[in-house]
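Right, one structure below, let's go through it.
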Amino acid sequence: MHAETVNRRAQAQAAFAEVAPEPGAPKPDPILVVDDVIRRFGGLTAVDVKHVEIQRGSITALIGPNGAGKTTFFNQLTGFDTADAGTWTFNGRQLNGLPAHKVARQGMVRTFQLTKALSKLTVLENMRLGAQKQRGENFFRALVSSLWQGQEDEITVRAEELLERFKLDKKRDDFAGSLSGGQRKLLEMARALMVGPELVMLDEPMAGVNPALTQSLLGHVKDLREQGMTVLFVEHDMDMVRDISDWVIVMAQGAVIAEGPPDTIMADPRVIDAYLGAHHDAPLTVAEAEQQLHEAEAELEAELVPEVEEKA
Amino acid sequence: MVFTAFMGALLFALASPAFADGETLRGTLQNQGQPVTGVKITVTSGDGQPVGEATSDAEGKWEVPVPAAGSYQVTLDQATLPTGTVLRLKDRATLTVQVFEGNYRNVLFALASGNADGSGAQPDDGSSASSAFWTRVAQLAFEGLSLGLVIALGALGISLIFGTTGLTNFAHGELLTVGAFAALVLNTTLGLHLLVAAPLAVLISAAFGYGQERFFWGPLRNRKTGLVSMMIISIGVAIFLRYLVLFLFGGENVPYEQYVAQDGIQLGPISTTPKGLIAMGVEIVVLIAVGLALTYTRLGKATRAVSDNPALAASSGINVDRIVRIVWAMGAAVAGLAGIMLGTTQILNFQMGQQVLLLMFAGVTLGGLGTAFGALVGALVVGMFVQISTIWIPPELKTVGALAVLIIVLLVRPQGILGRRERIG
Amino acid sequence: MDWELIFSRALSAGIGTEAVIYALAAIGLNIHFGYTGLLNFGQAGFLAVGAYGLATTITTFGLPFWLGVTVGLVGAVLFALLLGIPTLRLRADYLAIVTIAAAEIVRLVVRSVALRGTFGGTDGLDSFSGDFYALNPYSPGSYGFWLIKFDHRTLWVLTVGWILVAAACAVVYLVMKSPWGRVLKAIREDEDAVRSLGKNVFSYKMQALVFGGVVGSLAGFLFALSRAATQPDLFSTELTFFAYTVLILGGAARVAGPVVGAMIFWLLLILVKTGMEEAVNHQVITFITVNQVGSINYMLVGLGLILLLIYRPQGIFGDKREIALDAR
């Protein structure tokens, strides 16, 4: 198992060996190829991505300062928001214009920054919901339980296996609403796996998670790669990015400004500029990065409430 | 040959773009200012079916409810006129009148003493048969503006309350009703002139709104009551208040003491009444004042900040609870004013607020939920649309047209006319 | 005071035609609101479509009874589609406003003078229930036990009505424990999560709207048939709001909630109404008139709705952990 783990990681990193660390660099075996995606809100261009490829079987991190358009970009790709322009293909099939549920059915499944555990359903029901092509999800077949009960049992077995892996098996009959923040993140990830995805897109999987659970979550993300899935995740936590990602894509002001292996990226002056502003030349520590992020957030908030400022 | 009080018109209808369900034909028979009693009035529908009859009471009043909007024939039985009283125009014992949906229609028979020769007939300004298309458009646009202003006053409060608290208040129509009836009590029970009673009733409305927020909605929000829950609670409040008014005042249309009936005046192609013009003037002044206050005062800016993002506003030191209470007081005050204006110019009964609620919602939604100025624009558009559409569709279906347009607008532009497209994520 | 009369009327109302009609209307709402979280404020419109579909087909066009039933059902499906296409993508409050508007459109259209020839204007339509009562297996007379008495016509309406209620409950029970129902409940919780799991949320919401609307149209049939007439103003927005009261009283997202709610609602309503009328008639209460009893009754409904939502939003049988009321 351990040997294989090393192997998968090595494979993924080997795949990047020949890739130039430049924005829009072509990958040897891309699962997702994005071209010229633009999304505007009024006068603000939230996303303007020229070209990005995601390598199959890798863990790719999407980082960038607050307001860089990472989540908006995620929303475009997964069909949760309509892009003003652009095309993207998944496994060679065009996805732009497809509604969210069809994107998921293609095998590209996402989670959310604010966890969307279905709190008034039990943990097990949450899991079962993720399964695809359920016969009992048709109104008329639903009336006759013998038509779907067999499949439901298979789904339940699969769900329980996953719950065990994510150490949620003891919670199977609890309402999802009673779980802790970290457990909800785990549940959401496990539920996404019920769909049987090829590409798992995690929107800030570590946000709001108790540090004790962070390692466990990291392990699960790495595990996805071991299972042969591709992972694309949005994250702020630099430590996590360095630890688990094979490749890092940096966004700022809606555009991709840098790409490369994690260590190269952390030292890239463009990235430091994007995070810290152009005047900064010191290397970026985690603490500094967080400090800067908070400042950036404060600035953004201030921008959003000119009226409030006037009053004060 | 004596001129009888406001009998100049054979047929005099209040310019009334109302929306009630209780279509009624009514009138007051007077001769030389004295009521004429015991006169039989018969109403038949356009196709000759009997609808009802009435006999004028001690005050000369008669009233015949009709089942629906439409054309009716009203016949005065000349045999029942007291001796010495005659119709000024003997051939006008039967009048054909149009009753619009939700309106009462005043039908006046001109009476005179002795044997009238009919030569003193006044022009029949109730007939619109001869009026040109553009006269009609002008008249309807004017009525639409009048209706739109009332809707705007109500919609403003709905929009601000929604913006600051997220509540879609289905009891907002009842704020109009409560305001109108507060004025009625001051006016008829306490005997204050309407000019005194109205401002006092607006104050009472403001206090009512403030109290509702302070002692009801505010505590509910503090209990973390969900928005859907509060929406349904507001339906409970609406039902309660509506039937409280019915319990206290009965189901009849009731008038204020002053400005009940006025002579019509003609402004170019538009016929209206002085009170209608004054009501519109007051409404415009109030709307402009509120608009300026929202734009330029600190309180107004804070209100808009809360409306934009309550959490952010709270974190930057704005006392959100205080703002919300002021919004409720202000919203209820302008709604109460709208109710009084509606009561003066058109109709005053326990359902009056409920009947404009949907039009207010239409205005708010059209303008974009939560944007105060959008609500104003939306309300005026709805008012104008409702009236002007009667050129092409039967007046009884004018509300249908407005509501249908609302649905179509939502299909094309869900954020409303002035709303912003929401950002996801 | 005639206590026997009071209790006789109250008990009869608890299982009578109004209870059946409101039970069906609320079962439909339960599918919309209780399970799926759709804030349909236009349920009266579905009842109107059912009632007028039936009545118009038979009275105006002289077609057979069963065709009338079919027209009513198809009409409800079409109304749901018409309502759903523009609104199901919108936020909950927009849905509420649009559905209430659509129901009012239906009412204003059927009461219009312009279409009087088809729908009968404010008088409505009658003489369409002959075929229905011809199927009545009960011979003329009075039936009942203890304080409860119904004539043979009412008993026939009630028999059909309670069978429909039982059937609707059975179908709701079956589908809500299936994966189909699971998708609906998940949509109630968070539709984006459901979308991200590959489910066509719009389609499921539409199915729920159609299903609940069809159940509502059954209530419309019974409303029309029980009175042997149908008038537009029966289908005002207050019908919808009372149905919500019924639903919340019994407990939303519970199969039997609407049924129990309807029975208790009508029992209490008529108990209080008849009780007060008797009290006024016998000078036990002197400060109000009989005419005011009705308004007090409705005030109590409003007050009851408020208090229920504040203090017991799960109703009598609901599970507080499983209702949509804290949704935003």
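A, B, ... follow the sequence lines: proteins, then strands. Residue 1 opens every chain.
- A salt bridge links C/Arg182 with A/Glu152: the closest approach of a Lys/Arg side-chain nitrogen to an acidic carboxylate oxygen falls below 4.0 angstrom.
- Within 6.0 Å of CG on A/Leu114 lie no more than 12 heavy atoms contributed by other residues, nucleotides or ligands.
- Annotation: the span from A/Met108 atom CE to C/Ser196 atom OG amounts to 12.0 Å, rounded to 0.5 Å.
- Of the listed residues (A/Leu129, A/Leu121, A/Val144, A/Ile155), the one with the most heavy-atom contacts under 4.5 Å to chain C is A/Leu129.
- Of the listed residues (C/Val183, C/Asn200, C/Val175, C/Val171), the one with the most heavy-atom contacts under 4.5 Å to chain A is C/Asn200.
- Heavy atoms closer than 4.5 Å to chain C are found in both the backbone and the side chain of A/Arg191.
- Interface remark: of the candidates C/Pro179, C/Ala186, C/Ala193, C/Gly181, C/Pro179 forms the most heavy-atom pairs closer than 4.5 Å to chain A.
- Here C/Leu197 is the residue among C/Leu197, C/Leu174, C/Val201 with the most heavy-atom pairs under 4.5 Å with chain A.
- Listed options A/Gln132, A/Arg128, A/Gln134 were ranked by heavy-atom pairs under 4.5 angstrom with chain C; first place goes to A/Arg128.
- Within a 6.0 Å sphere centred on NZ of A/Lys102, other residues, nucleotides and ligands contribute 12 heavy atoms or fewer.
- Panel note: side chain A/Lys120, backbone C/Arg188; no donor-acceptor pair is recorded below 3.5 Å.
- With a threshold of 4.5 angstrom between heavy atoms, A/Thr78 does not approach chain C through any atom at all.
- Once rounded to the nearest 0.5 Å, the distance linking CG of A/Asn138 with OG of C/Ser178 reads 9.5 Å.
- For chain C, the nearby parts of A/Phe139 are the backbone and the side chain; heavy atoms of each come within less than 4.5 Å.
- Contact of A/Ala131 with chain C is made through the backbone alone, with heavy-atom distances under 4.5 Å.
- If you tally non-hydrogen atom pairs under 4.5 Å between each of A/Pro99, A/Ala104, A/Pro197 and chain C, the highest count goes to A/Ala104.
- Taking each heavy atom of C/Lys177 and A/Trp148 in turn, the nearest pair found is O-CH2, 3.8 Å.
- Neither the backbone nor the side chain of C/Tyr173 comes within less than 4.5 Å of any heavy atom in chain A.
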side-chain contact (heavy atoms from CB on, under 4.5 Å) between A/His101 and C/Phe202, worked out: CA-CA 10 Å; A/His101 67 274; C/Phe202 180 77; over 6 Å; no

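- Here the side chain of A/Arg105 pairs a donor or acceptor atom with the backbone of C/Gly198 at under 3.5 angstrom.
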